[in-house]
Enquirer: 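Below you'll find the structure I mean.
Just so it is clear: chains get the letters A, B, ... in the order the sequence lines come, proteins before strands, and each one is counted from 1.
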There are 2 protein chains.
Amino acid sequence: MPAKKSAKIEKADIPRKTVYRLSIYSRCLQRLLENGIKTVSSEALAGAAGVKSPQLRKDLTYFGQFGTRGLGYDVEQLIKMISDLLGTTHLQPVVLVGVGNLGRALLSYRGFAKEGFDIVAAFDVRAVQVEDMRVTQPVYSMTELRQFVEQNLVRMAILCVPPEEAQEVSNDLVEAGVTGFMNFAPTVLQVPDEVTVNNVNLAIELENLSYFVGH
Amino acid sequence: MPAKKSAKIEKADIPRKTVYRLSIYSRCLQRLLENGIKTVSSEALAGAAGVKSPQLRKDLTYFGQFGTRGLGYDVEQLIKMISDLLGTTHLQPVVLVGVGNLGRALLSYRGFAKEGFDIVAAFDVRAVQVEDMRVTQPVYSMTELRQFVEQNLVRMAILCVPPEEAQEVSNDLVEAGVTGFMNFAPTVLQVPDEVTVNNVNLAIELENLSYFVGH
DNA sequence: AAATGTGAAGTTGTTCACAGCT
DNA sequence: AGCTGTGAACAACTTCACATTT
């Protein structure tokens, strides 16, 4: 069943970067709201987010018209529309696979919970509980991964396994119903079209910096 | 002193994405080398890196001509040229500022050392040593930051402080000689032109995924 | 014959300029 | 008058096609 092309803008037509910037706008708006600011112009919000104002306006109009000419945007309304769009209105369950150094590190990181994501369980070939008070999630054996994902309707997974295992683990997860990966393994994952992979590689990020810093 | 524009390709003319892909190519080449493969075609290497072959060739020719027509690229030579270029031939000192959850997590992560970076020290307003066996770096008080950076000629910093403090800390670091930041704080840093900032926000990365996964 | 290097074409994303609301 | 929404111009990046070299 090939998708029909239409003139209407659909998910696929929206630049990935636009979606990314939405998250940034959302954080800036949150700050404004905390300071009791009710309305903001594209100029001001763009400044806070580090982009130019036409960029911001174009980004928003991919999704509709939210501003009032001569006035600006309603802060609260914009926040609502962005979180609806990103799916962060409700807490989302996430599993983490691979409890090595990085995996443990991410499990103890409290930054996800604040943004609407809940790492509900971790999995590793060695299902030993982490003896760290800051890690509260249960660590299960790999053999339980599929069943857990299916039963809890988990759609997103954080992959921190060694590169050799990444492809196999992701295959299992996809079969169990996962459609989004945050992949920390330095591997190019082969996945079906409907599955999204966000590769994150901290070492590459540093290397990149190193180039611009010079030596 | 405005920079003179020239026809020759200089650092600024090279797409950021190209530099980023260089790191990916490097990792693929490393694997080839480990498997005893001496020569590789753009087609094969591009496949492994998840890009198209003209992309790879164009990326490389920004820096010179490294291939042999009819044959391909010499694996070892390419690795050498990329690491020279990225500045990862020699171990580089990095400081980490802000030893909260994420900071601690990154300190215990061994992935940087393998790629040529050495987190030599950490700094925090509360200079308490981390009682975690996996964290081996000393944690100093913020007041010692400037002197340490100057004396050890540190050029790169990993910022994990709360957003309110990020700007001030980065000002200090820039004055002390840091020209590259890996910024984990959800803030748009204002820095001089010659300073590079790589923003990394794991929560945004997850939010982004959430959008594509749907709900 | 095989595979690189590259100008030109194509695609995607950004910025501008201004028409059109409020 | 002020500020959004948007088509058109612009810039950046990617892909193609093929001439060139080994």
Enquirer: Between A/Asn101 and B/Ser108, do the side chains contain an N or O donor and an N or O acceptor separated by less than 3.5 Å?
Expert: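 Their side chains do not contain a donor-acceptor pair, so the 3.5 Å distance test is not met.
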Enquirer: Which nucleotides of nucleotides 3-9 of chain D have their base under 4.0 Å from a protein heavy atom (B), which only their sugar-phosphate (S), and which neither (-), written as one string 5' to 3'?
Expert: BBBBBB-
Enquirer: Nearest whole angstrom, please: distance from the P of D/dC13 to the CD of B/Gln55.
Expert: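 Between P of D/dC13 and CD of B/Gln55: 11 Å.
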Enquirer: Within the 3.5 Å criterion, strictly below it, is a donor on A/Glu207 or B/Thr88 matched to an acceptor on the partner's side chain?
Expert: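 Note: A/Glu207 and B/Thr88 side chains miss the donor-acceptor criterion.
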Enquirer: About how many Å separate OG1 of A/Thr196 and CZ of A/Arg155, when rounded to the nearest 0.5 Å?
Expert: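 The CZ atom of A/Arg155 sits 11.5 Å away from the OG1 atom of A/Thr196.
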Enquirer: Quick check against the 3.5 Å criterion: does A/Asn198 have a side-chain atom that pairs as donor or acceptor with the backbone of B/Glu205?
Expert: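 Pair found, side chain donor or acceptor close to backbone of B/Glu205.
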Enquirer: Under a 3.5 Å cutoff, is there a donor and acceptor pairing between the side chains of B/Arg57 and B/Ser42?
Expert: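 Yes, B/Ser42 and B/Arg57 have a side-chain donor paired with an acceptor closer than 3.5 Å.
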Enquirer: Let me check the geometry of the helix from C/dA1-D/dT22 to C/dT22-D/dA1. What is the bend angle between the axes at its two ends, five pairs each, to 10°?
Expert: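 Overall, the helix from C/dA1-D/dT22 to C/dT22-D/dA1 bends by 0° from one end axis to the other.
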Enquirer: State plainly whether the residues A/Arg27 and A/Glu115 are in salt-bridge range, i.e. N to O under 4.0 Å.
Expert: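 So A/Arg27 pairs with A/Glu115 through a salt bridge.
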Enquirer: Chain B on DNA chain C: first and last contacting nucleotide, 5' to 3', under 4.0 Å to a heavy atom?
Expert: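 Under 4.0 Å from chain B, the extent on DNA chain C is C/dA2 to C/dA8.
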Enquirer: Do A/Arg110 side-chain atoms and A/Arg134 backbone N/O form a donor-acceptor pair below 3.5 Å?
Expert: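 The answer is yes, because a donor-acceptor pair under 3.5 Å joins these two groups.
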Enquirer: Do A/Gln92 and B/Ser210 have a side chain donor and acceptor closer than 3.5 Å?
Expert: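 Yes, B/Ser210 and A/Gln92 have a side-chain donor paired with an acceptor closer than 3.5 Å.
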Enquirer: Taking atom types as modelled, find out whether B/Asp59 and B/Tyr25 have a side-chain donor-acceptor pair closer than 3.5 angstrom.
Expert: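 Side chains of B/Asp59 and B/Tyr25: pair found under 3.5 Å.
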Enquirer: May I ask you to check whether A/Gln167 and A/Asn171 show a side-chain donor-acceptor distance below 3.5 Å?
Expert: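 Yes, A/Asn171 and A/Gln167 have a side-chain donor paired with an acceptor closer than 3.5 Å.
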